[in-house]
Amino acid sequence: MTPLPLVAVAGNPNAGKSALFNALTGARQKVGNYPGVTVERKSGRLVLADGRPVEMVDLPGSYSLEPGSPDEAVTRDVLLGRQKGERAPDALVIVVDASNLDNHLRFALQLIELGLPTIVALNMVDLAKRDGLELDAKVLEAELGVPVIETVAVRRRGIAELQAALDDMLSSPRCGVHEHAPSDLVRLQRRARDIAKAAVLRESPVRLWTHRLDSVLLHPVVGPLILAAVLFVMFQAVFAWSEVPVSWIESFVAWVGQGVTDLLPDGLLRSLLVDGVLGGVGAVIVFLPQILILFLFILLLEASGYMVRAAFLMDKLMHGAGLSGRAFIPLLSSFACAVPGIMATRTIDNPKDRLTTILVAPLMTCSARLPVYTLIIAAFIPDRSVGYGIGLQGLVMFGLYIAGVSGALLASLALRRTITRGGGGAFMMELPKYQMPLLKDVVIGLYQRAVIFLKRAGTIILGTTVLLWALASFPQAKPGQSQVEASIAGHIGDGIYQVVKPIGFNRDISLALLPAMAAREVAVSAIGTVYSIDSGDDASANVALEDKLRGRWSLATALAFLAWFVFAPQCISTIAVTRRETNGWKWPLFMVSYLFVLAYVAAGATYWTAVALGL
Ligand SMILES: Nc1nc2c(ncn2[C@@H]2O[C@H](COP(=O)(O)OP(=O)(O)OP(=O)(O)O)[C@@H](O)[C@H]2O)c(=O)[nH]1
Ligand SMILES: [Mg+2]
């Protein structure tokens with residue numbers, strides 16, 4: 001018995017393929033698996049007007065014939081007649097979303113090039129109409145060279161017409177897949193855009209504006225400049241807007257400290273509360289306003305629809321650095337924290353792409369490093385303008401973020417040439433509509449951030465700070481001796497000091513490096529605690545931490561410390577999540593080592609350059 005003619009339903013994810021497939025085949029469906037992969041094979045039966053049965057398969061949604069996931073690989077293999085357990089299709093139904101035409105036509109054009117008998121279902125015309133977009137199917141037909149049928153799959157509108165077109169097409173069989181040569185995606189995208197534009201009958205102002213905005217924001221030259229400007233403003237704001245709320249929190253912490261000092265007699269308990277808890281945790285919670293400002297920007301950019309466009313702009317750069325475009329979202333999340341960032345790499349299908357992304361994710365400056373940067377910048381970089389209303393402090397902060405990103409790109413280039421050579425697929429995504437962010441969503445997002453931050457301050461940061469306080473307070477110093485020097489922590493710090501002395505670090509920094517592995521902010525709380533213990537009861541006890549630093553560190557040391565933290569070996573959570581995601585200790589150990597070397601070299605180079613310049 002000759003097998004039934006096979007019709008494949010293909011298109012972008014969410015085009016409505018399954019809805020259309022259901023409308024055409026009704027209840028006559030079978031679900032199985034393609035052999036050897038965990039991808040579902042959904043097929044159904046359709047009876048043509050002349051009574052001939054036809055088999056129809058509903059393929060996984062795909063952005064192109066260059067697969068980025070196992071699902072997309074099956075789609076490609078079926079379409080090219082290479083899939084095990086499947087015969088080559090005799091005809092194609094391409095489903096496109098009318099309200100998202102330029103994105104969907106790109107894949108449609110690629111599919112039409114295969115040369116199979118093809119019908120395009122222009123689906124979701126109801127949604128397009130609701131959005132104020134009407135399209136001319138005749139123009140599309142002329143441009144694409146295949147029949148185009150308007151459908152609303154979920155309402156069965158256009159299904160009869162589609163079935164009639166299938167009748168026509170399958171009664172005069174012609175066949176043959178052209179061998180698929182990798183397409184020039186940029187050319188396809190441009191052509192898709194032109195066709196989509198030509199097919200517009202009527203378009204609402206909102207859609208028109210989206211297109212106009214995109215032609216500026218996604219412009220190959222102007223777009224990246226605007227993105228850089230947006231990020232620049234963001235880092236300026238982190239400083240400029242936080243000044244007042246930071247000073248409130250500072251005064252509050254100082255007020256509580258004074259209260260405890262007045263209330264309790266001199267002794268261990270008072271030292272624990274004032275030096276340990278307030279000196280450490282207090283030093284960290286003053287950064288709450290800055291973290292919230294950073295997240296305010298991230299939330300607004302996400303909610304407005306700009307973030308995905310930023311990813312789109314970065315795609316080329318990412319490819320240049322040997323990373324998959326899919327790596328952008330994980331790397332962007334790593335600006336908040338590397339842990340969710342590394343977990344988000346699961347969306348990257350290619351194992352080498354994924355490993356590379358995991359290994360460079362800690363180079364994205366996570367928000368936990370913000371307190372360290374802010375403290376050092378506030379202490380050592382003068383708060384003055386460099387002209388045009390641009391603050392020097394914000395500029396330095398921006399530079400530190402850029403240094404992290406450049407480090408990540410360079411590291412990825414180096415890794416792709418050596419350890420993670422090979423692989424790499426194209427990445428496609430859809431651009432959402434621009435939207436006015438909802439105040440409620442932003443407020444909730446910020447609230448959640450604040451809770452997470454304060455929880456960290458109350459648990460891991462408090463815990464390590466108290467531990468450090470204990471290590472720095474015992475054994476008690478003899479009269480005339482520095483307490484910190486006499487303590488256990490002092491001795492551990494001495495050991496580390498021998499290693500980091502050549503790169504300009506002092507003993508206080510050495511003390512902070514180890515606890516900073518628990519969480520990066522602890523570097524700040526640790527220094528806060530150490531200085532608080534060491535200054536004892538004298539007048540300097542209530543001096544702000546940045547003023548204490550200014551008296552004790554040279555500018556060269558401060559800059560070296562900043563450079564260290566751009567690359568600094570990650571916190572324990574990052575190492576743990578890397579172990580989990582890579583199934584072993586090999587990669588986390590590799591990551592810690594290469595980042596340690598980078599941090600060491602960067603800090604050393606910074607220190608010696610600064611010294612040579614006489615800073
Ligand atoms: N309003 C409207 N909704 C539709 C139409 N076609 C499909 N949908 C809805 O769009 C969503 C996606 O449809 P699916 O049929 O699952 O899309 P798909 O192409 O099979 O998606 P993947 O299998 O994930 O690639 C579902 O919620 C459908 O109910 C349509 O013509 N109009
Ligand atoms: Mg589906």
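Keep in mind that this is a model prediction, so the values were computed, not measured. Indexing begins at 1, ligand by ligand and atom by atom, following the structure's order.
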Asks: Would you mind checking which non-hydrogen protein atom is closest to atom 6 (N) of ligand 1, with the distance to 0.1 Å?
Replies: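 Of every protein heavy atom, Asn123 ND2, 3.1 Å lies nearest to atom 6 (N) of ligand 1.
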Asks: If you have a sec, work out which protein heavy atom is nearest atom 29 (O) of ligand 1 and how many Å separate them, to one decimal?
Replies: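 Protein heavy atom with the smallest distance to atom 29 (O) of ligand 1: Val154 CG1, 3.3 Å.
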Asks: With a cut-off of 4.0 Å, which atoms of ligand 1 are near a heavy atom of Val152?
Replies: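 Once the distances to Val152 are compared, the set is 30 (C), 31 (O), 32 (N).
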Asks: Regarding ligand 1, does Gly16 bring an N or O atom to under 3.5 Å of one of the ligand's N or O atoms?
Replies: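 Looking only at distances, the answer is yes, because the N/O contact criterion of under 3.5 Å is met.
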Asks: For Arg45, look at atom CZ and say whether over 12 heavy atoms of other residues, nucleotides or ligands are found less than 6.0 Å away.
Replies: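 Atom CZ in Arg45 is not packed in, count stays at 12 or less.
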Asks: For atom 16 (O) of ligand 1, which candidate among Ala98, Gly11, Ser18 provides the closest heavy atom?
Replies: Ser18
Asks: Number the atoms of ligand 1 from 1 as they appear, then name those within less than 4.0 Å of a heavy atom of Ala153, with their elements.
Replies: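 Matching atoms, with element in brackets: 6 (N), 30 (C), 31 (O).
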Asks: Tell me whether Pro60 has any N or O atom under 3.5 angstrom from an N or O of ligand 1.
Replies: no
Asks: Strictly less than 4.0 Å: does any protein heavy-atom distance to atom 27 (O) of ligand 1 fall in that range?
Replies: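 No, because not a single protein heavy atom sits under 4.0 Å from atom 27 (O) of ligand 1.
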Asks: With heavy atoms only and a cut-off of under 4.0 Å, state how Leu127 meets ligand 1: side chain, backbone, both or neither.
Replies: side chain
Asks: Given Ser99, which of Leu101, Asp97, Val96 fulfils the side chain to side chain contact (heavy atoms under 4.5 Å, CB included) condition?
Replies: Asp97
Asks: Is any N or O atom of Asp58, backbone or side chain, closer than 3.5 Å to an N or O atom of ligand 1?
Replies: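 The answer is no, given that Asp58 and ligand 1 share no N or O pair closer than 3.5 Å.
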Asks: Can you tell me the protein heavy atom closest to atom 15 (O) of ligand 1 and the distance?
Replies: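 The closest one turns out to be Ala19 N, 2.8 Å.
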Asks: Under the criterion side chain to side chain donor-acceptor pair (under 3.5 Å), I'd like the reasoning laid out for Tyr34 against Asp77: C-alpha separation, chi angles, the key distance, then a yes or no.
Replies: CA-CA 11 Å; Tyr34 286 102; Asp77 290 342; over 6 Å; no
Asks: Around atom 11 (C) of ligand 1, find the nearest protein heavy atom and jot down its residue, atom name and distance.
Replies: Asn14 OD1, 4.3 Å
Asks: Do Leu363 and Leu595 pass the side-chain contact (heavy atoms from CB on, under 4.5 Å) test, and can you show the C-alpha distance, the side-chain angles, and the key distance before you say yes or no?
Replies: CA-CA 8 Å; Leu363 282 168; Leu595 287 173; 3.6 Å; yes
Asks: Are Arg354 and Glu581 close enough, and set up right, to give a salt bridge (charged side-chain N to carboxylate O under 4.0 Å, His left out), and what steps lead you there?
Replies: CA-CA 10 Å; Arg354 175 157 183 248; Glu581 297 293 316; 2.7 Å; yes
Asks: Please test Ser304 against Gln435 for side chain to side chain donor-acceptor pair (under 3.5 Å), starting from the C-alpha separation and ending with a verdict.
Replies: CA-CA 5 Å; Ser304 63; Gln435 254 171 349; over 6 Å; no
Asks: What do you reckon, does Ala15 put a non-hydrogen atom under 4.0 Å from ligand 1?
Replies: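 Contact present.
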Asks: At less than 4.0 angstrom from any non-hydrogen atom of Lys17, what atoms of ligand 1 do you find?
Replies: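 Once the distances to Lys17 are compared, the set is 15 (O), 17 (O), 18 (P), 19 (O), 20 (O), 21 (O), 22 (P), 25 (O).
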Asks: Which one holds for Asp126 and ligand 1: side chain close, backbone close, both close, or neither close, with close meaning a heavy atom under 4.0 Å?
Replies: side chain
Asks: Output the list of atoms in ligand 1 that are nearer than 4.0 Å to some heavy atom of Gly61, sorted by atom number.
Replies: 25 (O)
Asks: Taking all atoms of both residues into account, what is the closest heavy-atom pair of Leu24 and Met56, and its distance?
Replies: CD1-CE, 3.6 Å
Asks: Give me the nearest non-hydrogen protein atom to atom 10 (O) of ligand 1 as residue plus atom name, then the distance to 0.1 Å.
Replies: Met124 CE, 3.4 Å
